[in-house]
Amino acid sequence: STAFTDVANDANPKAFNFWRSFLKTNILVGTFLIIVFWLLGSFDEDGADALLGLLLLTLLLSTLIVVINRGTEGVFTKEGAILSEEDKKKYKGLSGWLSLVALGLIVTAGYSIFSFFETLGMQEDYQGAPFLFMYDFLTGAGSLGLVGYVIYLFFKEKMIFPRYFIYLYLYLTSVNIITLIILGSYSVSAADMQDTVTTTARTAVGGIIWGLYVIKSKRSRATFIND
């Protein structure tokens with residue numbers, strides 16, 4: 001996950017090159033999505049549509065990653081950003097609205113654990129569709145690993161927490177979008193599709209709201225200052 005930071009973050013703002021960062025991020029994201037699409041057998045069924053979807057999703061995710069990295073660069077520092085000494089003392093600590101952020105992360109971790117082991121327990125139900133099992137297994141493991149790392153950053157009050165918090169929501173939203181695409185190629189009930197659409201929208205909206213909070217709030221800036 002640090003690769004995304006390395007390719008899109010530059011210690012010298014004047015040396016930042018959007019297109020260079022965008023190209024490198026595209027390579028990383030595109031490689032990941034190619035593996036996912038290949039495991040699902042998407043290129044075998046309709047190669048042209050799969051390639052177009054892969055291209056659009058890669059461009060969208062890469063743009064978001066570069067913008068997030070650039071937008072959060074320099075916002076959090078060891079000195080508590082640009083806060084006054086009074087604000088640093090007043091707002092430092094994992095309390096206030098950050099308590100809800102912690103609760104959300106714990107709930108997300110619990111759901112990720114449940115979903116991951118549920119997938120393992122239902123392996124026999126994937127007979128005839130091994131690629132779908134591999135997709136659910138890999139995305140579940142990715143969710144579990146990423147949310148665990150973000151929780152670690154949160155309680156250690158690490159400076160990079162806000163950025164990876166946004167990455168977490170971006171990852172979860174992307175997985176839901178890909179899942180919608182997969183469901184669209186199978187005969188699933190309207191209720192299942194609607195549930196996935198609702199989950200995707202809820203995750204995206206939640207990511208926007210809480211992402212803005214952890215970047216803009218004084219409490220967040222005063223708290224996440226550790227290297």
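Quick note: residue numbers are just sequence positions, from 1.
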Taking the side chain as C-beta and beyond, is there a heavy-atom pair between [X] and [Y] under 4.5 Å?
X    : Y    : value
W97  : L100 : yes
F224 : L94  : yes
S95  : R219 : yes
T223 : F161 : no
D227 : M159 : yes
I225 : K92  : yes
I166 : I215 : yes
L98  : Y213 : yes

Atom [atom1] in [X], atom [atom2] in [Y]: separation rounded to 0.5 Å?
X    : Y    : atom1 : atom2 : answer
N226 : I160 : CG    : CD1   : 11.0 Å
L172 : T203 : CG    : OG1   : 6.0 Å
L138 : T119 : CG    : OG1   : 10.5 Å

Would [X] and [Y] show up in the same hydrophobic cluster when neighbours are defined by side-chain heavy atoms closer than 4.5 Å?
X    : Y    : value
W210 : L146 : yes
F155 : V147 : yes
L168 : Y111 : no
F117 : F133 : yes
L120 : I113 : yes

*When you check the side-chain N and O atoms of T179 and Y135, is any donor under 3.5 Å from an acceptor?*
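Short answer, yes.
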Test your reading of the model: is there a side-chain donor-acceptor pair from [X] to the backbone of [Y], 3.5 Å cut-off?
X    : Y    : value
S112 : L144 : no
S217 : V214 : no
D87  : A222 : no

*Hey, what's the ring geometry for Y152 with Y149, parallel, tilted or perpendicular (30° and 60° as the breaks)?*
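Aromatic pair Y152/Y149 classed parallel.
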_Quick check on F137: does its CZ atom have over 12 non-hydrogen neighbours (other residues, nucleotides or ligands) under 6.0 Å away?_
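Counting neighbours around CZ of F137, 12 or fewer heavy atoms of other residues, nucleotides or ligands fall under 6.0 Å, so no.
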*In sequence, state the C-alpha distance, the side-chain angles, and the governing distance for F165 and L153, and then conclude on side-chain contact (heavy atoms from CB on, under 4.5 Å).*
CA-CA 9 Å; F165 178 78; L153 295 177; over 6 Å; no
*Are Y167 and Y171 close enough that their ring centres sit under 6.0 Å apart?*
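Ring-ring flag for Y167/Y171: false, centres at least 6.0 Å apart.
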*Would you name the heavy atoms of T58 and N26 that are closest together and state the gap between them?*
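So the two residues come closest at CG2-OD1, 3.1 Å.
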_For G140 versus F116, what's the shortest heavy-atom pair and its separation?_
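Heavy-atom minimum between the residues: C-CD1, 3.9 Å.
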